[in-house]
J.: 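Here it is, the structure in full.
This structure is a prediction, so every number in the text was calculated from the model and none was measured.
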Amino acid sequence: MSARKLSHAISEGEGISFIVVVDGADAAAAAEASGAEAVWIDGDHLLEPVRGATLLPIVGSTRLAGLDACVLRPDDDFELAEGVERVIQVSDEETLEDVLERLDPELLLLAAGDADD
């Protein structure tokens with residue numbers, strides 16, 4: 001089980017929690033030093049360097065073993081490795097209502113549907 005729980009990290013802060021997209025170890029260390037609650041990686045090759053550079057939870061959108069949390073869409077298969085937290089991404093009010101009723105998730109990522117939203 002992961003020692004770096006996203007739900008714990010974001011509940012400790014006061015107000016808005018920031019998850020910073022990083023492209024390597026230096027960016028992960030800088031994000032942690034700047035007060036981020038977690039880091040987001042976009043690629044399997046980043047997991048080990050980022051894991052070695054920060055104590056923050058690592059989030060991604062792939063089912064990569066070793067992530068602390070995985071962002072999924074409401075219709076995805078929710079099968080994840082043990083200890084990986086499930087974060088459900090919603091982009092509109094209708095989807096939010098459905099997800100809250102059907103899945104009762106612990107973590108939600110509210111995201112705009114496109115760049116104009």
J.: How many angstroms lie between NZ in Lys5 and CD1 in Ile10, if you round to the nearest 0.5 Å?
T.: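 Going from NZ on Lys5 over to CD1 on Ile10, the span is 12.0 Å.
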J.: Tell me every residue that passes salt bridge (Lys or Arg N to Asp or Glu O under 4.0 Å) with Asp23, counting only those two or more places apart in sequence or in another chain.
T.: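 Expected list: none.
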J.: Nearest 0.5 angstrom please: Glu48 CD to Ile58 CD1, how far?
T.: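 Answer for the CD-CD1 pair, Glu48 versus Ile58, is 8.0 Å.
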J.: List the steps and the verdict of side-chain contact (heavy atoms from CB on, under 4.5 Å) for Trp40 and Ser61.
T.: CA-CA 9 Å; Trp40 178 297; Ser61 59; 3.9 Å; yes
J.: How long is the gap from SG on Cys70 to CG on Asp76, to the nearest 0.5 Å?
T.: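 Answer rounded to 0.5 Å: 8.0 Å.
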J.: Between Asp92 and Thr95, do the side chains contain a donor N or O and an acceptor N or O under 3.5 Å apart?
T.: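 There is such a pair between these side chains.
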J.: Go through the steps for Leu80 and Leu72 under the test side-chain contact (heavy atoms from CB on, under 4.5 Å), then give the verdict.
T.: CA-CA 10 Å; Leu80 295 173; Leu72 302 168; 4.1 Å; yes
J.: Could you tell me whether the side chain of Glu37 and the main chain of Leu6 form a donor-acceptor pair under 3.5 Å?
T.: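 No; judged by distance alone, with no hydrogens or angles, the pair does not exist.
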J.: Any idea which heavy atoms bring Leu56 and Ala31 closest together, and the distance?
T.: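 Closest approach of Leu56 to Ala31: CD1-C, 4.5 Å.
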J.: Could you tell me whether Arg51 and Asp68 have a side-chain N and a carboxylate O separated by less than 4.0 Å?
T.: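 Salt bridge: yes.
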J.: Give me the atom names and distance for the closest heavy-atom approach of Ala9 to Pro57.
T.: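 Residues Ala9 and Pro57, closest heavy atoms: CB-CG, 3.8 Å.
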J.: Just so I know, are the side chains of Val21 and Asp42 near enough to count as touching, which here means a heavy-atom distance under 4.5 Å?
T.: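 When only atoms from C-beta onward are counted, Asp42 and Val21 do not touch, as no gap falls below 4.5 Å.
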J.: Within this structure, what is the CG-CG distance for the pair Leu108 and Leu103, rounded to the nearest 0.5 Å?
T.: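 Interatomic distance, Leu108 CG to Leu103 CG, rounded to 0.5 Å: 9.5 Å.
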J.: Taking side chain to side chain contact (heavy atoms under 4.5 Å, CB included) as the test, write out the residues that go with Pro49, two or more places apart.
T.: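 Per chain and number, Pro49 pairs via side chain to side chain contact (heavy atoms under 4.5 Å, CB included) with Ala25.
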J.: Name all residues meeting the side chain to side chain contact (heavy atoms under 4.5 Å, CB included) criterion together with Leu46; count only those two or more places apart in sequence or in a different chain, and write none if there are none.
T.: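 Leu46: side chain to side chain contact (heavy atoms under 4.5 Å, CB included) contacts with Ile41, Val50.
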J.: How far does CZ of Arg4 sit from CG of Leu67, to the nearest 0.5 angstrom?
T.: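 Here the interatomic distance stands at 11.5 Å.
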J.: Any side-chain heavy-atom pair from Arg102 and Pro74 closer than 4.5 angstrom?
T.: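 A side-chain contact exists here, since the closest heavy-atom pair is under 4.5 Å.
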J.: Say you draw a straight line from CZ of Arg86 to CD1 of Ile88; how long is it, rounded to the nearest 0.5 Å?
T.: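 Result: 4.5 Å between the selected atoms.
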